[in-house]
Structure formats: structure tokens, C-alpha cells
Amino acid sequence: MNMTIIGLIAGMALGFAGYFGGFGAFLLVAALGAVGFVAGRFLEGDLEPGEFFRTRGERRR
């Protein structure tokens, strides 16, 4: 699936959640979608766990 179709599906899911469940459901679906996105990137190997837990003093050069 290309990114256009995935974006369309995500937009439709958020639209349905907002219409039928109200703003709270919209926020819940958006938050769970973000968690799923990060988990998927992590499982694909695009993200490393250390990227989330680095301290402020550490910087990449």
C-alpha cells in the first residue's frame, strides 16, 4: 500500500471517530494511531529504542 492510501484510511477512521464518538473519540483514535505508527516503525527497524531515551546532554554529531 502506498502512503496516499494509508493516509486516506487514517483520515477516514479519524473522521468516523469524530463524527460518531465526538472529540474525545477523535483524540483517542489519533493517539492510538500515533502509538501504532511508532510501534510499526520500531518493528521495521527504522527507529532505535535509544532515540526515545537519550538525555538532553547527549547530542549526535
Side-chain angles (χ1 to χ4, degrees):
M1 289 177 79
N2 64 17
M3 294 303 288
T4 304
I5 299 298
I6 293 171
L8 174 69
I9 292 169
M12 290 176 61
L14 288 171
F16 279 119
Y19 183 76
F20 292 111
F23 188 68
F26 173 82
L27 289 178
L28 178 65
V29 170
L32 291 175
V35 168
F37 175 76
V38 170
R41 293 291 232 169
F42 177 72
L43 291 175
E44 285 181 355
D46 293 337
L47 292 175
E48 295 293 325
E51 293 180 21
F52 293 107
F53 302 112
R54 233 188 336 254
T55 60
R56 288 182 178 235
E58 279 185 52
R59 294 187 183 201
R60 282 190 168 173
R61 292 182 185 199

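Just so you know, these numbers come straight off a predicted model, no measurement behind them. One-based numbering along the sequence shown.
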Checking Phe37 now: which residues fulfil side-chain contact (heavy atoms from CB on, under 4.5 Å) with it, not counting sequence neighbours?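 Checked Phe37 against side-chain contact (heavy atoms from CB on, under 4.5 Å); matches are Arg41.
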Are Val38 and Val35 connected, step by step, through hydrophobic side chains (Ile, Leu, Val, Met, Phe, Trp, Tyr) whose heavy atoms are closer than 4.5 Å? no
If you compare all heavy atoms of Ala25 against all heavy atoms of Ala17, which two are closest, and at what distance to 0.1 Å?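 Of all heavy-atom pairs spanning Ala25 and Ala17, the closest is CB-O, 3.6 Å.
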So which residues get pulled into Leu27's cluster when ILVMFWY side chains under 4.5 Å apart are joined, directly or through others?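 Via sub-4.5 Å side-chain contacts, Leu27 links to Leu14, Phe23, Phe26, Val29.
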Run through the side-chain heavy atoms of Ile, Leu, Val, Met, Phe, Trp and Tyr, join any pair under 4.5 Å, and report what else lands in Leu32's cluster. Leu28
